[in-house]
Each structure stands twice: as structure tokens, then as C-alpha cells.
There are 2 protein chains.
Amino acid sequence: MATIIDVAKLAGVSTATVSRVINDTGKVRPVTRKKVMKVVNELNFSPNVSAQILQSKQSKTIGMVFPDASSLYFSEIIRGICNYVNQFGFQIIIGSAHDEEEEVKTVSRFLNGHTVGGLVIMAPSSQNDDLFTLPINHGTPVVFISVPPVKAGTTSVVLDNFKMSVEMTNHLIKLGHRNIGFINGSSHNYDSKRRYAGYLKALQENGIEVNSDFIADGNFTEDSGYKTCLKLCELTSRPTAIFAANDAMAIGAIEAVKDSGLRVPEDIAIVGFDDISTSQYITPALTTVRVPLFNLGQVVGKTLLQKIDTNYENHIAVTERIVIPLEIIIRESCGSQLKR
Amino acid sequence: MATIIDVAKLAGVSTATVSRVINDTGKVRPVTRKKVMKVVNELNFSPNVSAQILQSKQSKTIGMVFPDASSLYFSEIIRGICNYVNQFGFQIIIGSAHDEEEEVKTVSRFLNGHTVGGLVIMAPSSQNDDLFTLPINHGTPVVFISVPPVKAGTTSVVLDNFKMSVEMTNHLIKLGHRNIGFINGSSHNYDSKRRYAGYLKALQENGIEVNSDFIADGNFTEDSGYKTCLKLCELTSRPTAIFAANDAMAIGAIEAVKDSGLRVPEDIAIVGFDDISTSQYITPALTTVRVPLFNLGQVVGKTLLQKIDTNYENHIAVTERIVIPLEIIIRESCGSQLKR
DNA sequence: ATAAATAATGTAAACGCTTACATTAATATA
DNA sequence: TATATTAATGTAAGCGTTTACATTATTTAT
């Protein structure tokens, strides 16, 4: 494998000049540039990335750490990030983690190893402050996905959960529902919390009292949706509509309603959140909120690259929060089309 | 950030000893080891990965390059790979590519940059020999996913497409079908080819003549399944069963049959391949072949790590081919439960 | 034509680590 | 106890870059 020295020798210039040519830094005469590029192509030279990082202390790889639990969403998000950052020669390195402790470890390994020039951390259920303090203390630019707006000097990209949840609940209310259940996702999950908060807000705005019997605790899995909904169906005075904090649980809920001998949406309307691909195919097709994950990824990539850039110059720590707009998708499971 | 020199100084030993301690190479007295480890922990030292790679020429990063088109499968596969290789301190770096040309570029960037110690290449539709020759010439261990068994000295992990496709077709035949259609995936895709070959084989074994009208060309998308199936439905003598080369197309096909005013499976049975999560929720639930992607990923990880290990010692280039067994999932869309 | 200013290129140190080889310490053997 | 053997540690070169600074070439001004 050819090194920069080989190129320099063959081109009859110094390594400094070769470096300047391939990185486009500093002045070099067109004649020299051409001469060097010729050899670069001949030898099929490309620089040793490790040597570059070691010397320049600037890595063009981005670490992405996320919990196993978000693997469903991860694929699209990462495609979005890649799509954006690849344009600028950046790579993505993956660190998945089973639990929070492991997530912290992964972050610190990325940081200490000087492998990454920036970090994307997905920690919707984060309880551990280290996840925030570690990279910030280290001075490495980070973008968080789906975290509460608590930490100063932190930049994050979040979904417009609250607003859409209000809208979705309002939609149910307009359809005539007053007894609306809610199935929560995992207990510490920020997305879930905001969606729940929006639901509560909508009820309150419409003067509907919250019935705690109608609030169930799931964990984002379809199974938990099924089981909690089954209980809701068995209530003597059961809800006429159920809002699940994500589609997987909504799908489980639909099965539960069916298995209880009831109909969706006639007896119980069901709505979800996420718009996963199954949602349009299940019967009845699920009314939900579309979350543009690919787009989210692009925004995250763009934001991070901006942080990295400005970070090279000056270290202004602004707290930034970018909200991704979402869209309600009305299908059959909410009963919009129904004449009541 | 602490370097190995800081640690050495503080512990009163040489950098060589520190290196031996943290890498567990060479002999070092327990006393010394303890002394060094104490400082390592105090300073929260962890080695600069770039410097390690630069010096040792052995990267613990695995490059995974795959076409955009396989992003559906990618998430689970990568989880599987991570799951295995993380145990051994290996990381994954992602290189997605729009087309084949870009895929080759990505591979060559990984190779030339010396960023990766091994490569996983997913190239089910590969036409370009560079994808194979590049890493082999470079001497970097590679594992291919879903590629034809053509290249010598190559190791690959593939699905047992042919066998399962024969079985699935046989299942249809046993159900009484003789007019069975097939919807192909994208034209150069190896998985699709093998599935088609299995279908052909089963027909032949049962003395059923192939009706070219029943063979449609899709491209793995649901939309293509819908459109091609619509045409199949319009045939004056139409097939009584259709085998789609993947679930997405099968789902499109089910919609098409419905939209043609026909019933699945009574008028036309439909089966697919992959067992994506939607398949169990669509009505009727799709009979299909389950592909254990996570498991596939684990196998790929294990195989690659083995190659990397032996590569360090001796460069025996054996052609290896690992076949992942699959499982038929009988649901409703094939009409097994039907009394005919 | 010469001096001054500017542009282009070269030189060499440094980045943080590993490891072959040299040296010193500890243990075994006679 | 002296010597041979083995174990533990140290020394320093080198991995392939980038870049501050030094040097040389080119252009501009006089």
C-alpha cells in the first residue's frame, strides 16, 4: 500500500505538498497539483485514516450510540444520518447497547479512544447523567435524540410529540369520545411521557376528567399493548377509544379488542403513534401519527456537522433544541368514516 | 486526556510495561501490574485507538457495506453482527451506498484508509467484480452475504433459499394447485434467482409445465407486487396460487387480488418469503418463509472474526460457504386451513 | 536591474502507541 | 557462593500523517 512518502518521491515533491494537494489546504501551483494528482491516481493512494486522526486530532467518523430497544427506529434514522454526512466525507460507527450502563461505557470508549469527531446519542429513557456530562466535559460535539430539555449547553433533536398527541386526542374527542384510554410506553421514556402529557392536556382543555382506570402501563411492545388492552376491555364501563403511545402497542390493542369479541372501531376506537409499515395493513388500518425517521436522521446529521464545524473555531455552548414536525394519518381504526 | 506516557511516568515504569499491562501481552509481575492499573484507573486512561491501529496495523473495526435497497433487512443483521463482535471488542462502521459503483468506492475507501480489520459486504445483486477482487487483493478478510458461489477463495453466508423455495412450492402443489404463478424480485438479485430456481425445480419434479404467463417480474417493492399481480389476475386463465419472492411483493399481491374482486386464498392463494413483521397482521395472514436475520448477523460476525484471527497467522484462502437454514411459516394466505 | 514583497515548497517534529532488542533483576543450578 | 538460566523491565525506532517554520522561487515595485 502506497504511503504519502511514496507519492512524494514519485512526484518529486515533499510530503507537505502532497498533503496540501490531497487536502486542498494551502497554496500549490496548478502544475504541481496536476503532477501530484497523477501519481496519486497511478498508485491508487489514499491516506491512512488513523495517521490522519492521530496527527490532526480530528476524526471524520461519527459515533452513534443507541439502546437495543430502539432498534426498530434505528435503521431509518441511521440511513438519514448517513445520507447527510456522507456528502461531507463522514462515516458512522455504531455502538449499540443493551442497557444504560453499557450505553455509558460505549460513549466513554468512543470518547477516550478518540475515534469519533462527534456523537449521536439516542437515550429516550436516560436516567444516567453521565450520558450528558461525559461528552460535554470531553468537549466532543454531541446531538441527542429524544431527550428532555433539561441539560444546559446540550443540543437535541426531538419529535413534536406533545402537540400531535393533543391533536390526536382532540380528533378522538371530536369524534364524540369522552372515555378515552391511554396506554403508556416504558416508564422512563421521554417520547412516551410527552405523548401522555399531550393526551392529558387535550382532556383537560375539553373539560374531560381523567379516569385513572383508563390509563394503562405498557412497554412499547405489541404484547404489552395486547395485555393491557385486554384489561381495559374487561372493565365494566370500558373506554370507547384507546390511544396507545406507539403503533406496536396499538396493534396489540387491536388484537385484544378483537379477542374480547368487540369491534374496532365500532366498540372501541384505537389510535397509535409512529406509523410503522404494518399499520396500514392491519385490519382495520391504524390511525396514527407519522414520524419521519429518515428526515429526523438527516436533521441530526446536519446539526451535528454544524456543531463540529463551529466547534473547531469557537466553543460557544448554546442550548439548542430542534423539533421535528409530525403528521396525523387518519385511517380506519379511529372510526372517522363511521356514521354514529 | 491522559496518554500512555502519563501513565508510565506516574506509575514509575516504562511505556512498554504499561502497554503490556493494558493489552495483556508479555510477562509482567503482579505487583507492577497492580501499580499500573491503579494509575490507569486514576487517570481514566484508555488508549488512543488511532495510534494503536497506526502502529499495530490491526484494526478492531469492521466495515459493513450494503446497498440502500437492503435497508429493510439491514437493521436486524447489524444487530446480530454487533451482538457477536462486541464481545471481542470489535466495532462496526457503516458504509451505505446508493448503487453498485458507490459500493465499490466505499469498499476501497475502507481498505485504503486502513480503517477496518475486516469487511462485511452485502451485495445480493452484484455485477461488479471489483467488489470481490478489491478486498481479496488487499488481503483484508471479508464475509459476503447473499452472493453466488462463483468466486474462489471467498467466504460467504447465504440463505437456504433454494431448498425452502422448493418446499414452499411443494406445499402449494400438495394443496392441489397446478397453476402457480411466481413474482420475481429485482433482476440480478441472487436471493430472488435462487427462490425462482427452487420454484422451477418443484414444478419440474411434479411434472408441472411452466407457464410463462404466470411468471412476473417485480423488484421487491410492494408496489411492484401489486402491479404485476393485477395483471396475473386479469389473465383469462389465471393462476390459483402465486409465490412472491419476498413478503413486500406478496403483500402488494394480496391487495391486488382483493382489488380485483377476488378472495385470498379461496380464489388465489398467496405466499411470500422473509416473514417481515407485517406479514402476520395482514388479512389474510401471510404464509411465508422465516429468515432469521439477527441470527444471520451473528453467524456473519463469528465467521468474520475467525477469518481475521487465522489471517493473522496464515493466509490460507479456503472457499467457505455457510448456509443459514430457514423455516416455513404456514398462516392463512395459502389456504391450508381451507376445505376444498 | 535590484530590492522588496509575496507565493510556493521543503524540513522535520510531533501525534500516541507497540515491539524488537537490550538491559537488568530474580531465580535455579552446581 | 558463583554462575547459568530465566523472567521482568526499559529503550527507542517507527507507524503515516499534518503543520509551524524555514527556505527558495516568483512576482511586483522602484
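The analysis underlying the following values was restricted to heavy atoms, covering all of them including side chains, and did not include hydrogens, waters or symmetry mates. Below, chains carry the letters A, B, ... as their sequence lines are ordered, and counting in each starts from 1.
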Taking only the side-chain nitrogens and oxygens of [X], find out if one of them lies under 4.0 Å from OP1 or OP2 of [N].
X	N	value
A:T32	C:dT9	yes
B:N23	C:dT18	yes
A:Q52	D:dG16	no
B:T15	C:dG16	no
B:T17	D:dG10	yes

Between [atom2] on [N] and [atom1] on [X], what's the gap in Å once rounded to a whole number?
X	N	atom1	atom2	result
A:N48	C:dG16	CG	P	16 Å
A:I4	C:dA12	CD1	P	17 Å
B:R33	D:dT9	CZ	C1'	13 Å
B:Q58	C:dC17	CD	P	17 Å
B:L54	D:dG14	CG	C1'	9 Å
A:D24	D:dT18	CG	P	13 Å
B:H114	D:dT17	NE2	P	9 Å
A:K9	C:dG10	NZ	C1'	15 Å

Closest-nucleotide 5' rank along DNA chain C - winner of B:I5 and A:G12: A:G12
5'-most by nearest nucleotide on DNA chain C - B:S50 or B:T25: B:S50
Any donor-acceptor pair under 3.5 Å from [X] side chain to [Y] backbone:
X	Y	result
A:N86	A:N83	no
A:Q127	A:H188	no
B:S56	B:Q52	yes

Within 6.0 Å of CD in B:E101, more than 12 heavy atoms from elsewhere: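 No, because the 6.0 Å sphere around CD of B:E101 holds 12 heavy atoms or fewer from other groups.
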Sugar-phosphate, base or nothing in reach of A:S19, heavy atoms under 4.0 Å: base
Sugar-phosphate, base or nothing in reach of B:G113, heavy atoms under 4.0 Å: nothing
State which of [options] makes the closest approach to the side chain of [X].
X	options	result
B:S56	C:dT9, C:dT18, D:dG16	C:dT18
A:V13	C:dA8, C:dG16, C:dG10	C:dG10
B:K57	C:dC17, C:dC15, D:dC15	D:dC15
B:T3	C:dC17, C:dT9, C:dT19	C:dC17
A:R20	C:dG16, C:dT18, D:dA20	D:dA20
A:S14	C:dT11, C:dG16, D:dT18	C:dT11
A:A51	C:dT9, D:dT17, D:dA8	D:dT17
A:K27	C:dA8, D:dG16, D:dT9	C:dA8
B:R29	C:dT9, D:dA8, D:dG16	D:dA8

No-H, no-angle donor-acceptor pair, A:Q55 side chain to D:dT18 base, under 3.5 Å: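 Side chain to base: pair found, below 3.5 Å.
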B:R79/B:E76 under salt bridge (Lys or Arg N to Asp or Glu O under 4.0 Å): CA gap, chis, key distance, verdict: CA-CA 5 Å; B:R79 277 213 317 125; B:E76 274 305 285; 3.2 Å; yes
A:H114 and A:H138 aromatic ring geometry - parallel, tilted or perpendicular at 30°/60° bounds: tilted
Test: B:D130 and B:K105 ion pair at under 4.0 Å: no
